[in-house]
Structure formats: C-alpha cells, structure tokens
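A note on names: the letters A, B, ... follow the listed sequences, proteins ahead of strands, and every chain is numbered from 1. Since we're looking at a predicted model, the values are computed, not measured. Because only heavy atoms are used, hydrogens play no part in the values below, and waters and symmetry mates are left out as well, while side chains stay in.
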2 protein chains.
Amino acid sequence: MPRDPNPRRPTLDTLAKTLGVSKTTVSNAFSRPDQLSSDLRERVLAAAREAGYSGPDPVARMLRTGRAGAIGLILPQSLPSTLDDPATAALLRGIADACEERRLGLLIIPGVVRGRDTQRIVDVAVDGFIAYSLPRDLPVLEEVVIRGDPLVVIDQPRRPDVSTIHVDDLRGAQLAATHLAGLGHRRFGIVSLPFRADGYTGPGQVDRITAPTYDVPGERMQGYGAALASHGISLDDVPIFECARSDEELGFQAGRYLLESAGAVTAILAMSDRLALGVLAAARERRIKVPDELSIIGFDDIDGAARARPSLSTIRQPLQLKGYAAARFLLDSPRVASSQARPEPGDRAEAESVTSESEILDLPVELIVRQSTGPRR
Amino acid sequence: MPRDPNPRRPTLDTLAKTLGVSKTTVSNAFSRPDQLSSDLRERVLAAAREAGYSGPDPVARMLRTGRAGAIGLILPQSLPSTLDDPATAALLRGIADACEERRLGLLIIPGVVRGRDTQRIVDVAVDGFIAYSLPRDLPVLEEVVIRGDPLVVIDQPRRPDVSTIHVDDLRGAQLAATHLAGLGHRRFGIVSLPFRADGYTGPGQVDRITAPTYDVPGERMQGYGAALASHGISLDDVPIFECARSDEELGFQAGRYLLESAGAVTAILAMSDRLALGVLAAARERRIKVPDELSIIGFDDIDGAARARPSLSTIRQPLQLKGYAAARFLLDSPRVASSQARPEPGDRAEAESVTSESEILDLPVELIVRQSTGPRR
DNA sequence: CTGAAAGCGCTTACAG
DNA sequence: CTGAAAGCGCTTACAG
C-alpha cells in the first residue's frame, strides 16, 4: 500500500520553511514588493513557482483584511429572466461598468423572491450589496440591514434607513397620463406591474392596489390618479389589470382583458414597455388600429420601444445610469471605499461609527412621444 | 470626549460569552440544529437577534470549511459586451441555470483579455472556474491551472490538461461550406473571428491564419478548407477578412471589403451570426440581392438569425446548453462536489489525489437553411 | 531589510 | 447534549 507523501497544497508557511525565511517575507514578496530586496523577492517568487504556490489564499486574506473585493447583487428574478428583460439587462450593464472601473467582482444572487433560505442568501463574501426591486416585506433585505452590511437599493423598497436609487415614478406616471388626457382621451385602462409578490395576474383588486407590497406600482398609480383627477376622471372608473411580471405575454393578456371587457377604452397606460408591447399585440389581434382607435404608452424606453411597429410612446428612465449610479453609490460609501472595512485587530479607533446617512438619488424621467399615442377620435 | 463602548460587530465568541455557553453551541445553533436541544437553540437564536448577530461570518466559515459556495466565470470581454452579444448572453443563461439549481453563487470576472493584473484576477473566493473563449497564451488561465483550481473551459483554448466543452467547429464549418458549394457556388469569401487577441481587423494574413492564438477560428478555417477542397477550391483563392470582435459593425466592414475588392464573390461564410448580419447590411447598402446575387451563412443561430430579413441560414450550436453543461461539468467534478474541498486539519486521507481526468464534451452542430442562401445564378 | 507573534471568526473531532 | 482546544492561511504592527 503506497503511502502518499501527503502532497498538500503549499501555503505561505510551507514556502517560508522551505526557503528558510519568515512568513512575513514571503507575504511581502507577494503583497508589498517595497518591503524587501528585489533579489530576495525574486528568490521567493521563483521558489513559489517551483513549489506550485501561486499567491496568498484569497479567503485567508479576506479574513485577515476584511475586504472581499466584490459586491453582491440581489436580484428578484432568476438570472435568465433578468437577462431576457431589456430593462434589467441595461441596469446590469450599468452596475457591471462601475465594478469594472473599480476592478471589483460582481457576485450575482438571483431569484430571491421565490423564497430561498434567507440566511444562506447573504452568506457570501462581499463588501456590500445592491438590492434591485424587492417587495417591501422580503426577509432577505431585513437580514442585510440587520447585519449592517453596506447596502444600496434600486427602485424599491423605499425605506428611510437605506440609500436608494430610483426615478420619480409618480412624476413619470403623471407625464404619461397627462399626455394622453391632453390628447382628449377620457376612457382609460391601466396595465400594472405587480402590487404584491404572490404571482397574481388578473383584474385589479382594491385591497392590493391600496396596500401594495411593491412601492413602484403604488407610486405610479398615484401619478396616474393625480393626472387623471385634474382632468375630472376618477381612478375608480378606470379598469386595471395587474400582471405578475413585466413581459409581453402578460401584457397581451392584459390587453385582451381591457379591450374586451372594458369596451370603449381609447387609451392604455402600461407600467412597462414590455407590457405595452403585449398590449400592442392584443390590439393587433383584434384589428384595433393604433393610434387611430387606441393609444398606448409604456414606461422605461427599452431599445425595443423605438423599434416596435407602431413605435411606442413611453416614459424614458435612464436604466443603465441607474445601475451605474447605484454601484458608485455603494462603492463610494465610506465603509466600502476605505481600504480596510474590518478594523485592525488591535485598533480601537473603530472608524468612528461610520453610519453613513442614507441618501436618495432621484433620476429624471422624460416623456417620449412616438407613434403609439395620438388624439382621441 | 465620549468614549465609544467599542461597538464591534458581534461574533460567535461574543455571543457565546454573553450567553454563558461555548462557541460550539452557538455554532451548532446556526449550522447543526440537531446537535442541541431546541430549547437552547431558541435561546441562542433569540440572543443573536437581540445582539444584532445574524449568523457566522461567511469568510471565516470558508477559511475553515474550504468551501466558497460560488464559482468564478472568466470572461474575455466586459460584462456589457457579453450581455450585448446574444450568443454569449445565451451561454451565460445556461451557466446561471446550473448555478441556481445547485444554489451556488456566480462570480463574474469579465474583461480578462485586455490585460489586467493576472494575479489579482484569480484572487477570488470560489470553488472553481469556468473560462470562456480565451486565447491560448493568456496568463490568467495558466495561473488557474498552476494553482490547481478546478476548471472547465468553454470553446477555447483546447488543451489536453483541461476539461473542455465545445462543439465540433470543424464539422460545423464543413457543413456550412458544403451547403454553399452544393448550391453551385465557386467564388467564396470568408468573414473570420479573430485569429489573435491583438484587436486586428482587416484582410486575412497568412501568418495569423496559420498560427492562430484562438483555436476556434483555426478549426473552422480547416473545416471550410476541407469542404471547399473536395469541390476543387483552394483556400488560397478565397479572400478572407478578419474581425477583431463578433459584431454587426465589423461584419459590415468585412462585407464591404469582400463585396468591393473581391469582385465576383457569390457566397460568404461568416463565423458568427452577428458578423453575417453585418454582411447582410453591407449587401443591402450595395443593393446586392440576397440570396439571388449573394448567399450568406452564419454560425451560432442566435435569436436574431431567424428574425433577420432575409432570415439567416446558419450553423446552429446549442449555446445555452453549452453553458449549462460546462457548469454541471464543473459542479460535478469531485473536487467541487465533495462537501469539503479543503481537507480537514488533521485529515491524512487526503481524498487520494483527485486529479480528475480532463474530459472533452463535444456538442452537436446543425445546418439551418433559411432565406439567405440559395443556388448560384 | 527581516522575523516572531498575535489574531481575523469560524468548525469540528473529541472527550465528557 | 455540551465544552475546550486546535487550526484553516494569512497580514500587520512591532522590535530588531
């Protein structure tokens, strides 16, 4: 029975012993070249190469230095669906840009709304988190907040103790509704993003709308409501269809519902471009002419909006910038920016409780008028 | 001057002392519920909540257990460009799917071809790496191999000591060229992916083609060459245009070049659909009718291929599956699969040198004939 | 320029 | 069911 010579992977210690120098020296050879003669350094590096040792173990270094060199991105949906959606894909691009500038890793933590074990989710080695569009009651976010990890939220939930990046959804919705009301429309329909995270798709229900778990649709409803009210229209008279996700298929369902059951609707407000695109398809199916017989406006201004036939009027929000800004926000926060997030062992100074104030960054929205909206006939 | 009571973040140790139990017990309360009475467990968890302690530090746990709970994905391009490209986006989807199944994190390490510091790149806490489409001489890969980290390569480089997932590029190229030659074409042009990683875009150069740093274009050239040869056509007589990246813009440039300088070309072989789409645009610009006057075939079968006008004939490769298979390959490798990658401190058994044999998984390609190819007139 | 020592926060046999 | 102890691999003042 051959006895293995126990070929354990070499460590700093092994190498130091082999070379007859201290661990300090080996460590310095890798991480602080100025702390030793280049001669010695060369010798160490050569020996390392020979021994198959290629630098300090990142995990051990992290434990010691307190820096993970990466940030975590908490995503509600699976990564595939996130990439499929042009809006979230753009967001991701922005985040990735910022990480690249800073040479930080990006650890993606997808699918958190479909209840995974809260604890495990945040059990990752990162210097901070970006959370994108989560329902208000999601435990995972509470977990991050409790831990006191640096955190920036994009879109929602909006809570006073957390820095947040979002657009002025209320104003965006107002712009959309005002645009259509200004064109003379009086009979509206609304295609909504989910008010709650339970997967419901169907006609609007009062309790869901008035007590939403998602902030964004709530804000937008208020925006629609305010604009319509100033034209003498009550939201109570406006049929609403809630979609569990932002995609064309559900938008199509919503379109059918609004066009069939609600009869004489001449203008539809959709909370995303993908939903609006679905409504467009439903109109096509019923041979309803857009914008002659029906006006449709979306939200986001994804690439596909301009390319649609007819091209889609919408409320533009700077998606990529939103991602970029969120990442910069996080990376520039004192806790993450400081080269040592974890205080030194003997260090009493303790970075004087850097509870950086939570901030809100409000990005602009803009009405983009294209072919899908026109005067009421 | 108020003296902070040093509100250091609580640890397992702190908590144990507060509660008057051992660290073991606290640890067990979180990680091995069966090791203590549920009464005690509740007490510990309650105290933890109160103290603002939310579970063991992932980094420390990693150092101890040797498991990072994530894999690293090494990408040649920036994440934005990767997401922009439907082919790589599909690949990413497949990888993400597998990670989600296994509840593993995915740490994205983009932009490695544009020389970043090799050392730092792989200084991340992961259980293994997937490397996608890298040039043969890239130091970062060597680094991973030397470290002995579990590794699966997608597409390239193809080296015997590393497990690799790819399609039969040679055969795919053969199918494409045979298809066109079978339609009677005799005057070909080739739009190539890069042979080297130096950013060159321009007419094909013999030394680059015969000694490529990228394996895939090399294989495909051989495939084209073999198919053409059996129809009596020598590659020497075929104009080639090399593109530094796979995108429509460079494809457009290539198309112009081939259509202008090469005169009577009637069939163009492009190594990606995006390149082919660019050629299509160039033909449109010059009012050359496809497929009447010019046949074009791509490679990949991205979503946009079927939607193009005219729709694009191509060689389909299972992009998403490729990603999924690579991830599964890695995750099922003994080193990663075993619940403890790092041997126990006192453990001599040493998992008997699990140098899992490197394997190659060869995925099928398929000729998809659409509108962009037709008989020579 | 170099080395000895402490300690980051945790998990796991092992003994009781 | 519970606790004392070792040790994962590293970095950093500090002393020489």
Side-chain angles (χ1 to χ4, degrees), chain A residues 8-17 19-44 48 51 53-69 123 125 147 339-350, chain B residues 8-17 19-44 48 51 53-69 123 125 147 339-350:
Chain A
R8 181 163 292 158
R9 207 155 154 203
T11 70
L12 210 62
D13 197 36
T14 320
L15 202 56
K17 284 195 174 114
L19 275 157
V21 298
S22 75
K23 292 197 298 177
T24 306
T25 299
V26 180
S27 176
N28 284 340
F30 282 97
S31 309
R32 310 166 112 195
D34 53 315
Q35 293 299 300
L36 73 179
S37 67
S38 57
D39 244 35
L40 182 56
R41 176 154 196 256
E42 285 312 319
R43 272 211 302 138
V44 174
Y53 178 79
S54 44
D57 178 309
V59 174
R61 168 185 273 161
M62 275 179 212
L63 180 59
R64 181 53 221 238
T65 63
R67 299 267 302 153
D123 260 15
R147 292 170 99 108
S339 64
Q340 56 181 46
R342 237 173 263 233
E344 259 314 279
D347 182 84
R348 298 274 110 174
E350 201 69 308
Chain B
R8 181 163 293 157
R9 205 152 153 204
T11 71
L12 211 63
D13 196 35
T14 321
L15 203 57
K17 285 197 174 113
L19 276 156
V21 299
S22 76
K23 292 197 297 179
T24 305
T25 300
V26 180
S27 176
N28 283 339
F30 282 96
S31 309
R32 311 167 110 195
D34 53 315
Q35 293 299 300
L36 73 179
S37 67
S38 57
D39 244 34
L40 181 57
R41 175 153 196 258
E42 285 311 318
R43 274 208 303 138
V44 174
Y53 179 79
S54 43
D57 179 308
V59 174
R61 166 184 275 159
M62 277 178 211
L63 179 58
R64 180 52 222 239
T65 63
R67 300 268 301 154
D123 260 15
R147 293 171 98 109
S339 62
Q340 55 180 48
R342 235 172 263 233
E344 259 316 281
D347 181 69
R348 301 273 110 174
E350 203 67 310

Visitor: From the set dT2(C), dC8(D), dC1(D), return the single nucleotide nearest to any side-chain atom of Ser37(B).
Guide: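 Looking only at heavy atoms from C-beta outward on Ser37(B), the closest nucleotide is dC1(D).
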Visitor: Between P on dG3(C) and CZ on Arg32(A), what's the gap in Å once rounded to a whole number?
Guide: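 Taking atom P of dG3(C) as the reference, CZ of Arg32(A) is at 15 Å.
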Visitor: Compare side-chain N and O positions of Thr65(B) against OP1 and OP2 of dT12(C) and report whether any pair is under 4.0 Å apart.
Guide: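 No, no such contact exists.
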Visitor: How many Å lie between CD on Gln35(A) and P on dT12(D), as a whole number?
Guide: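 From Gln35(A) CD to dT12(D) P: 10 Å.
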Visitor: Find the distance Leu40(B):CG to dC1(D):P and express it as a whole number of Å.
Guide: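 Rounded to whole Å, this separation is 10 Å.
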Visitor: Rounded to the Å, how far apart are Leu63(A) CG and dT11(C) C1'?
Guide: 13 Å
Visitor: Could you tell me how far apart Asp13(B) (CG) and dT11(C) (P) are, to the nearest whole angstrom?
Guide: 13 Å
Visitor: Could you state the CZ-P distance from Phe30(B) to dT11(C), rounded to the nearest angstrom?
Guide: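 Value for this atom pair: 10 Å.
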Visitor: Extract all donor-acceptor atom pairs below 3.5 Å that involve side chains of residues 20-29 of chain A and protein atoms in other chains or at least two apart in sequence.
Guide:
{"from": "Ser22(A)", "atom 1": "OG", "to": "Thr24(A)", "atom 2": "N", "distance (Å)": "3.3"}
{"from": "Ser22(A)", "atom 1": "OG", "to": "Thr25(A)", "atom 2": "N", "distance (Å)": "3.3"}
{"from": "Ser22(A)", "atom 1": "OG", "to": "Thr25(A)", "atom 2": "OG1", "distance (Å)": "3.3"}
{"from": "Asn28(A)", "atom 1": "ND2", "to": "Thr24(A)", "atom 2": "O", "distance (Å)": "3.4"}

Visitor: Does anything in residues 19-28 of chain B reach DNA chain C, meaning a heavy atom under 4.0 Å, and if so which residues?
Guide: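 By residue number: Lys23(B), Thr24(B), Ser27(B).
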Visitor: What's the spacing between Arg61(A) CZ and Leu12(A) CG if we round to 0.5 Å?
Guide: 10.0 Å
Visitor: Considering every strand and a 4.0 Å limit on heavy-atom distances, what is the contact class for Leu36(B): base, sugar-phosphate, or nothing?
Guide: sugar-phosphate
Visitor: Calculate the interatomic distance between Asp57(B) atom CG and dG9(C) atom P; express it in whole Å.
Guide: 7 Å
Visitor: For DNA chain C, report each stem as range with range, ordered by first number, or say none. Use Watson-Crick or G-U wobble pairs under 3.5 Å, at least 3 in a row.
Guide: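 When the pairs of DNA chain C are grouped into runs of at least three, the stems are C:1-3 with D:14-16, C:5-12 with D:5-12, C:14-16 with D:1-3.
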